[in-house]
Amino acid sequence: MASSVRVRFAPSPTGFLHIGGLRTALYNYLFARHHGGTFILRIEDTDQARFVEDAEQDIIRSLEWSGIRIDEGPLHGGNYGPYRQSERKTFYQKAVEKLLAEGNAYYAFDTQEEIEVMRERLKASGNPSPAYDSITRQSMKNSLTLPQEEVERRLAEREPYVIRLKVPRRETIQFEDLIRGVVTFETKGLDDQVLLKSDGLPTYHLANVVDDHEMEITHVIRGEEWLSSAPKHILLYQYLGWKPPQMAHLPLIMSPSGGKLSKRKAEIEGIPVNTRDYIDQEYEPEALVNFLAYLGWSPGDDSEIHSLDELCQLFTLDRVSKGGAVFNHKKLLWYNEHYLREKSDDELYTRVLGLAAEKQIPGFDAEVLKNIIPLLKERVSKADDILEMGGFFFSDPEHYDAEALKKWSDETPDLIRAYKAAIEPLHEAEFSADKLKASLEETVAAQNVGMGKLMMPLRVCVSGQGFGPDLFPSLELLGREKVLHRLDLALSRLSGPGAS
Ligand code: GLU
């Protein structure tokens with residue numbers, strides 16, 4: 001039986017699911033599963049101007065890819081629907097009526113221009129952040145300042161209006177955040193939040209509170225950027241006569257160069273920002289989940305690798321940190337390598353075969369791919385790197401890596417020729433990693449040079465690259481004919497007239 005814990009992930013469908021959003025969803029999910037509770041997806045689509053058509057689909061796809069299972073949601077059903085705010089207008093209307101009737105909200109008829117004039121006037125008199133608040137409301141056009149007949153006339157004539165929360169002048173609002181402890185706000189600094197917009201739709205604040213109540217949400221777990229909204233929400237709960245859910249505000253995700261990891265910063269630092277980028281770039285979902293779980297939380301020991309199920313067992317809010325968590329891309333790749341190495345060769349083969357079909361790899365051969373998987377699995381950070389790093393198994397290199405060629409000296413061509421002479425007599429069946437290695441050792445000994453003098457140039461000749469899978473097994477897999485051909489090719493390209 002499900003416990004009474006009910007949490008929600010409540011994204012606004014204004015774009016693709018951001019990596020920070022995925023972490024919020026994950027923490028909610030881990031918390032729900034830890035307590036045997038319910039994880040709800042609620043789409044907060046009341047901002048029509050910022051609505052993006054495919055966003056909801058992208059959010060659901062991203063959650064599913066991560067292994068997060070939605071218990072209740074727009075496509076998943078549940079007893080507390082509908083799960084899109086645009087379909088829940090009557091709930092908000094009822095709440096607004098109660099607030100108006102009890103004097104905790106009011107009609108405001110001011111135009112944008114009039115509000116602008118008020119702001120400019122206050123700025124000019126030394127107020128750096130003027131707001132529509134308990135003081136300024138007194139000189140504006142609203143149902144608190146206009147005579148009642150005029151308010152009724154304006155409403156009857158369908159003049160545009162918004163409904164604002166009547167924030168008390170001097171009150172202290174306090175609540176206990178499960179991560180931050182007691183949080184205190186003075187209402188003095190709060191504006192009279194718009195609750196219902198002139199298009200009749202609620203703002204985030206009203207809809208969020210009404211739905212958390214109606215959906216019997218027990219814990220609100222969300223990003224720190226919402227902490228400053230919490231006092232308005234607490235006031236709304238109070239005025240609506242409802243018990244607020246417990247709240248937990250998660251630490252910000254920080255950029256490695258400092259400051260919040262914004263979209264722009266992420267781009268500059270080469271960090272993919274949307275979950276779909278991780279899907280498209282062939283990250284392992286287990287790796288991203290494990291990494292994100294540790295971005296602001298830890299189990300309190302030095303363990304680092306945990307499956308989603310284990311994380312569900314381990315996760316508690318008291319181990320979530322207050323301070324910002326720095327996004328370390330190298331750590332994510334480390335996780336990715338770990339989960340990649342755990343995959344069976346067969347599974348990886350099928351996956352990379354699919355990728356190869358999309359990519360048109362010159363000279364591609366499925367049989368060759370099957371053979372190189374075990375060799376490359378240990379070397380790459382991501383599944384798609386297998387095709388890139390292993391491209392030389394399918395076709396002759398077209399270029400030789402400039403960095404690696406720095407080790408190419410005047411003696412190199414003779415060394416390569418000597419090695420070629422040593423391996424040429426080997427029959428195809430003898431062309432094994434062991435024999436190829438022994439030949440190299442003999443060659444360098446006879447020439448009285450170190451191994452490195454030959455290893456690196458050899459690798460460059462056959463693969464074009466300065467790094468890659470183990471050299472001798474790679475030579476064995478390439479086979480006698482190709483290796484000899486590539487040595488000749490490289491010698492003619494790199495040591496002939498006009499070579500660098
Ligand atoms: N719709 C808000 C968002 O886009 C939800 C914030 C909350 O969880 O209260 O993040």
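All ligand and atom numbering here is 1-based and tracks the order in the structure. These values consider heavy atoms only, across backbone and side chains, with no hydrogens, waters or symmetry-generated copies. Here the structure is a predicted model, which means the values were calculated and not measured.
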Next item on the list: Decide whether an N or O pair under 3.5 Å exists between Val220 and ligand 1.
Entry: no
Check: So, Tyr132 and Asp110: side-chain donor and acceptor under 3.5 Å apart, yes or no?
Finding: yes
Notebook entry, point to check: If we ignore angles and hydrogens, is there a donor and acceptor under 3.5 Å between the side chains of His249 and Arg222?
Noted result: yes
Item checked: Closest protein heavy atom to atom 10 (O) of ligand 1, given as residue, atom name and distance to 0.1 Å -> Trp226 CZ2, 3.3 Å
Next item on the list: Would you mind running through ligand 1 and noting each atom that sits below 4.0 Å from a heavy atom of Asn208?
Entry: 7 (C), 9 (O)
Next item on the list: With heavy atoms of Ser12 as the reference, note each atom of ligand 1 found under 4.0 Å away.
Entry: 1 (N), 2 (C), 3 (C), 4 (O)
Margin query: Using a strict threshold of under 4.0 Å (side-chain N to carboxylate O), is an ion pair present between Arg351 and Glu347?
Written below: no
Checklist line | Stepwise salt bridge (Lys or Arg N to Asp or Glu O under 4.0 Å) test for Arg276 and Asp58 | finding: CA-CA 8 Å; Arg276 68 154 47 197; Asp58 178 77; 3.1 Å; yes
Check: What protein heavy atom sits nearest atom 8 (O) of ligand 1, and how far off is it?
Finding: Arg8 NH1, 2.7 Å
Next item on the list: Could you please spell out the steps behind the salt bridge (Lys or Arg N to Asp or Glu O under 4.0 Å) verdict for Arg42 and Glu44?
Entry: CA-CA 6 Å; Arg42 183 174 74 223; Glu44 302 210 323; 2.8 Å; yes
Checklist line | Greater than 12 external heavy atoms within 6.0 Å of Lys331's NZ | finding: yes
Margin query: If the cut-off is 4.0 Å to any non-hydrogen atom of Glu44, which atoms of ligand 1 fall inside it?
Written below: 1 (N), 2 (C), 5 (C)
Checklist line | Side chain, backbone, both or neither: Tyr204 near ligand 1, heavy atoms under 4.0 Å | finding: side chain
Next item on the list: Please report which non-hydrogen protein atom sits nearest to atom 2 (C) of ligand 1, along with the residue it belongs to and the distance in Å to one decimal place.
Entry: Ala10 O, 3.3 Å
